[in-house]
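Take a look at the structure set out below.
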2 protein chains.
Amino acid sequence: MRERTDPRLLRSREAMVAAATELLTESGLEAVTHQAVAARAGVGRATVYRHWPGLLDLRLAALESGMPPLPPMPEELRTATGGDPRTELVHRLSVLAERWDDEQAGAVLAAILGGSRHDEGMRRLRESLLEQIADALRPAVAAAVARGQLRSDVTPETFAMATAGPLFFERFLAGNRLGRDTVETVVDAALRAWA
Amino acid sequence: MRERTDPRLLRSREAMVAAATELLTESGLEAVTHQAVAARAGVGRATVYRHWPGLLDLRLAALESGMPPLPPMPEELRTATGGDPRTELVHRLSVLAERWDDEQAGAVLAAILGGSRHDEGMRRLRESLLEQIADALRPAVAAAVARGQLRSDVTPETFAMATAGPLFFERFLAGNRLGRDTVETVVDAALRAWA
DNA sequence: CCACTATGAGTCATCTTGTCTCATAATGGT
DNA sequence: ACCATTATGAGACAAGATGACTCATAGTGG
């Protein structure tokens, strides 16, 4: 039985995923087709069909590679915050904001929002994105609740809505880049609102 | 010179726009093509090309018809609020939330978010959407500032970020319908945060 | 009643899509 | 070093989509 170790398979797969991600970033999900990916990856068209028989499979691969998990909070930074929830919240949301500042984020998010109503795979991606954000905020929200800085009924999901929501709005509806000042403003507003 | 009054022109145009909007709602922007619109509208393929020679023109027409201007605040309701900013804010945002609850809203917004990076027309649509929201909140925000319920540096744009942002997040990222309770929660949080 | 014009049907060349075959060469086990 | 395995690129192919065109017809405005 074949393992997943054939270098040819990995090489071409890597090239195709890279090409698909580029196309997604540059021209949106519509531009991700077997033909376009093959051409850009320098690969036979049939090869793309072999790896992802369906168009949705191919596009899902592009989207997945476009939204890797958020890097975890570095331990040295966590201790450096002195356990201050606000500092940690600002840091976690800055990581998110930085990612959303990236060019490809808009393409990925728009595709997920639009596609999740029709496609199960995209719905999964949307939910995992939501979970990613909530998980990133979970420890700091818990700490803030423990210290009485947030009401005890504030969940990570609620706090995500209160912070990631405005950031999303500012970035993708207003079209503005997200600086650390914006993140701090949003975090402070949420802390005031839910104290 | 021909006026825009030829009934044939208006009839077929109306049928095509309706068909395009349906396709957009049901299957996303990608499904809006000259051929599909012609088939659904019961119209010749050439006719669709005559009205919108380019694919982007056609899709823009579908998007525009999918985001008509928000209805203005009814005068009787405005007086009924007794000039209370919170009540008016809740009302205005409930109108927005109701629209976003609609099935087609997700398709329209996702298309605009994704397309506004590449297409000038979609960028215009995105900006007009933003303006729509800010304008809807403008009088109530001004009133709240005048009464000292909001800091004097809070603009309609800021308040839109603080309220429409979370609503957008809740509706399209978390996938939850927006009830009046959600709107009230969000408005109250924003009023606390920016008092 | 008539000149006008939007329309539907159709044709046509070109491109895209999905499936298939086959020779080739890289690969892993022996 | 050898060989059976297998992923690949090139290409053929039918079916369908695309965009531009022509033309007879019928609804329209004067």
Side-chain angles (χ1 to χ4, degrees), chain A residues 1-24 26-63 65 111 114-115 118-119 121-122, chain B residues 1-24 26-63 65 111 114-115 118-119 121-122:
Chain A
M1 62 206 76
R2 52 174 155 130
E3 291 297 314
R4 294 291 166 102
T5 51
D6 191 329
R8 293 172 293 178
L9 203 152
L10 299 177
R11 242 197 324 270
S12 50
R13 185 176 205 87
E14 193 181 356
M16 288 184 282
V17 169
T21 306
E22 284 175 28
L23 287 164
L24 171 63
E26 291 170 14
S27 318
L29 194 64
E30 270 190 89
V32 181
T33 65
H34 290 91
Q35 179 168 252
V37 168
R40 176 160 313 207
V43 142
R45 204 157 56 90
T47 302
V48 188
Y49 279 102
R50 256 179 236 119
H51 283 247
W52 300 279
L55 182 54
L56 269 171
D57 304 321
L58 175 62
R59 290 180 170 174
L60 267 182
L63 288 172
S65 98
H118 304 297
D119 180 63
M122 296 215 190
Chain B
M1 61 206 80
R2 53 174 154 133
E3 292 298 314
R4 292 293 165 102
T5 51
D6 191 327
R8 294 173 293 180
L9 204 150
L10 298 177
R11 240 195 328 269
S12 50
R13 184 177 207 87
E14 192 181 354
M16 289 185 281
V17 169
T21 306
E22 284 174 27
L23 287 165
L24 170 63
E26 291 169 16
S27 319
L29 194 63
E30 270 190 90
V32 180
T33 65
H34 290 90
Q35 179 167 253
V37 168
R40 177 163 307 211
V43 142
R45 206 157 54 91
T47 302
V48 188
Y49 279 103
R50 259 179 234 117
H51 282 248
W52 300 278
L55 182 55
L56 269 170
D57 304 321
L58 175 61
R59 292 181 168 173
L60 267 183
L63 289 172
S65 97
H118 305 297
D119 179 63
M122 297 214 189

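The sequence lines fix the lettering, A, B, ..., with proteins before strands; numbering per chain opens at 1. For clarity, every value in this text was computed on a predicted model and none was experimentally measured.
The side chain of B:R45 lies closest to C:dT11 when the candidates are C:dG18, C:dT11, C:dT16. In this structure, the nucleotide among D:dC13, D:dG19, D:dT18 sitting nearest to the side chain of B:T33 is D:dT18. Minimum atom distance to the side chain of A:L9 is reached by D:dA7, of the listed D:dA7, D:dA10, C:dG18. Closest contact between the side chain of B:V43 and the listed nucleotides C:dG8, D:dG9, D:dA7 involves C:dG8. For A:P7, whose side chain is taken as the heavy atoms from C-beta onward, the closest listed nucleotide among C:dG28, C:dA26, D:dG19 is C:dG28. Each of C:dT16, D:dA17, D:dA10 was ranked by its minimum atom distance to the side chain of A:A46; first place goes to D:dA10. Checking D:dA17, D:dA7, C:dA9 against the side-chain heavy atoms of A:R8 singles out D:dA7 as nearest.
One finds a side-chain N or O of A:R11 lying less than 4.0 angstrom from the OP1 or OP2 phosphate oxygen of C:dT27. Taking 4.0 angstrom as the limit, A:T47 places a side-chain polar atom (N or O) nearer than this to OP1 or OP2 of D:dG9.
Scanning for side-chain hydrogen bond (donor to acceptor under 3.5 Å, both in side chains) contacts around B:E30 gives A:R59, with sequence neighbours left out.
Distance, B:E30 CD to C:dT16 P: 16 Å, rounded to whole Å. Rounding to whole angstrom units, CG of residue B:D6 and C1' of C:dA3 are separated by 14 Å. Atom CH2 in A:W52 sits about 16 Å away from atom P in C:dT17, given to the nearest Å. Atom CZ of A:R13 is separated from atom C1' of C:dT27 by 18 Å (rounded to the nearest Å). Remark: P of C:dA9 and OH of B:Y49 are 16 Å apart, rounded to the nearest angstrom. Taking atom NE2 of A:H51 as the reference point, atom P of C:dT19 lies 16 Å away to the nearest angstrom. Atom-to-atom, CZ of B:R50 to P of C:dG8 comes out at 8 Å; the value is rounded to the nearest Å. The distance from atom CG of B:L58 to atom P of D:dA17 is 16 Å, rounded to the nearest whole Å.
More than 12 heavy atoms of other shown residues, nucleotides or ligands fall within 6.0 angstrom of atom CD in B:E26.
Side-chain contact between B:D57 and B:H51 is absent, with no heavy atoms from C-beta onward closer than 4.5 Å.
A:A31 and A:L23 make their closest contact through O-CD1, 4.0 Å (heavy atoms, listed as atom of the first residue, atom of the second, distance). Residues A:A41 and A:A15 approach most closely at CB-O, 3.6 Å, considering heavy atoms.
Heavy atoms of B:G42 sit under 4.0 angstrom from primed sugar atoms or phosphate atoms, though from no base atom.
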